[in-house]
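Worksheet for the structure shown next.
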Amino acid sequence: MIKKLFTLFMLVVFPSLCWAKLNIVTEVLPNYQYYNDDNQLIGISTERVIKALTQGNIEYSLLVYPWSVAYSAALRDPQTCIFSLARIAPREDKFQWIAKLHHANVSFYSLKTSHISIGSVEDAKQYKIAVLRDNFSHHYLKSKGFTEDKNLIVIDHFEKIYDLLETRRELLELLVLNDEQFNYSLKHNKTLSKLKPIFQIDSIGQELYFACHNDMANDTIEALKQAFKRSE
């Protein structure tokens, strides 16, 4: 009887002992999550996530990878969660969606020297479009009939855009970018000044989430949801 009461006490007072340490993965995505001058990960999403996990007494490690690596880890490992993940139809059944973090707008961008004009996502199919691997835009455009052998150029990380603009500009006709990320990055690298937004994609305005592997234990999922709810 005493042993049972002690176990119950430990579960109530130290809920983080109920599950194994979580792996939290993300990418650098200004100004949602990015490094400051002191090499600390900050940003509006980072602050929300750390606040919820800390107040929820949830033990975790926070790892920063290129997006495709982070995304693969969240799909592969039952103890892994990810942010800031756009909640779009092709991903809906692949994750447990814990908490909405922020909203972001998305646009097609072209070179300022080009004369490309589009009025719909369908119009963009005639152009070569750079997308980040496993990014929301990559999944969304594939769901709309875009293909990598015809009109998608898949790049592994955001910084690759600079290489395309400097050395392989002839390959680049359109990009799909998070407007917030573009405006922030423009302040730090003027190479992006060669680009202009030409069409905002309202149908994939991003709802950015903290999400976890589908097979994560139910009690852990519930604890995470409650932690985010209490931290609002």
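All heavy atoms count here, side chains included; hydrogens, waters and symmetry mates do not.
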Beyond-backbone contact of [X] with [Y], side-chain heavy atoms, under 4.5 angstrom:
X    : Y    : value
I161 : F182 : no
L75  : F95  : yes
F83  : L208 : no
I58  : T220 : no
Y34  : V64  : no
M216 : C81  : yes
S110 : K196 : yes
P30  : Q181 : yes

Going from [atom1] on [X] to [atom2] on [Y], what distance comes out if it is rounded to the nearest 0.5 angstrom?
X    : Y    : atom1 : atom2 : answer
L165 : L172 : CG    : CG    : 6.0 Å
I82  : I98  : CD1   : CD1   : 13.0 Å
S72  : D134 : OG    : CG    : 5.5 Å
E59  : K21  : CD    : NZ    : 5.5 Å
F108 : L175 : CZ    : CG    : 10.0 Å
E27  : L63  : CD    : CG    : 14.0 Å

Donor-acceptor pair, distance only, cut-off 3.5 Å: does the side chain of [X] make one with the backbone of [Y]?
X    : Y    : answer
Q96  : N214 : yes
D123 : S117 : no
D38  : Q40  : no
R91  : A86  : yes
N151 : F146 : no
S231 : F228 : yes

Spell out, yes or no, whether [X] and [Y] are grouped together once hydrophobic residues are joined by side-chain heavy atoms under 4.5 Å, including indirect joins.
X    : Y    : answer
Y60  : I42  : yes
W97  : V49  : no
L101 : I221 : yes
L29  : I50  : no
I44  : V28  : no

Shortest non-hydrogen contact from [X] toward [Y]:
X    : Y    : answer
L186 : S193 : CD1-N, 3.4 Å
P78  : R76  : CD-O, 3.5 Å
S61  : N23  : OG-OD1, 3.1 Å
Y140 : I88  : N-CD1, 4.1 Å
D179 : V106 : OD2-N, 3.9 Å
H102 : Y32  : CB-CE2, 4.1 Å

Do the side chains of [X] and [Y] get close enough for a salt bridge, i.e. N-O under 4.0 angstrom?
X    : Y    : value
K100 : E207 : yes
K142 : E148 : yes
K229 : E232 : no

Next item on the list: Could you walk me through whether H138 and L132 pass the side-chain contact (heavy atoms from CB on, under 4.5 Å) test, one step at a time?
Entry: CA-CA 6 Å; H138 185 196; L132 294 173; over 6 Å; no

Note to self: Set out, in order, the CA-CA distance, both residues' side-chain angles and the distance that settles side-chain contact (heavy atoms from CB on, under 4.5 Å) for V154 and V131, then state yes or no.
What the structure shows: CA-CA 5 Å; V154 180; V131 292; 4.2 Å; yes

Atom [atom1] of [X] with >12 non-hydrogen neighbours under 6.0 angstrom:
X    : atom1 : result
K194 : NZ    : yes
D93  : CG    : no
K187 : NZ    : no

Note to self: Does either side chain, that of Q33 or that of T26, offer a donor lying less than 3.5 Å from an acceptor on the other one?
What the structure shows: yes

Next item on the list: Verify whether the ring centers belonging to F136 and Y71 lie closer than 6.0 Å.
Entry: no

Next item on the list: Verify side-chain contact (heavy atoms from CB on, under 4.5 Å) between L85 and W67, making sure each step is shown before the conclusion.
Entry: CA-CA 10 Å; L85 182 66; W67 181 251; 3.5 Å; yes

Notebook entry, point to check: For H213 and Q79, what are the C-alpha separation, side-chain angles and deciding distance, and is it a side-chain contact (heavy atoms from CB on, under 4.5 Å)?
Noted result: CA-CA 7 Å; H213 190 281; Q79 285 300 113; over 6 Å; no

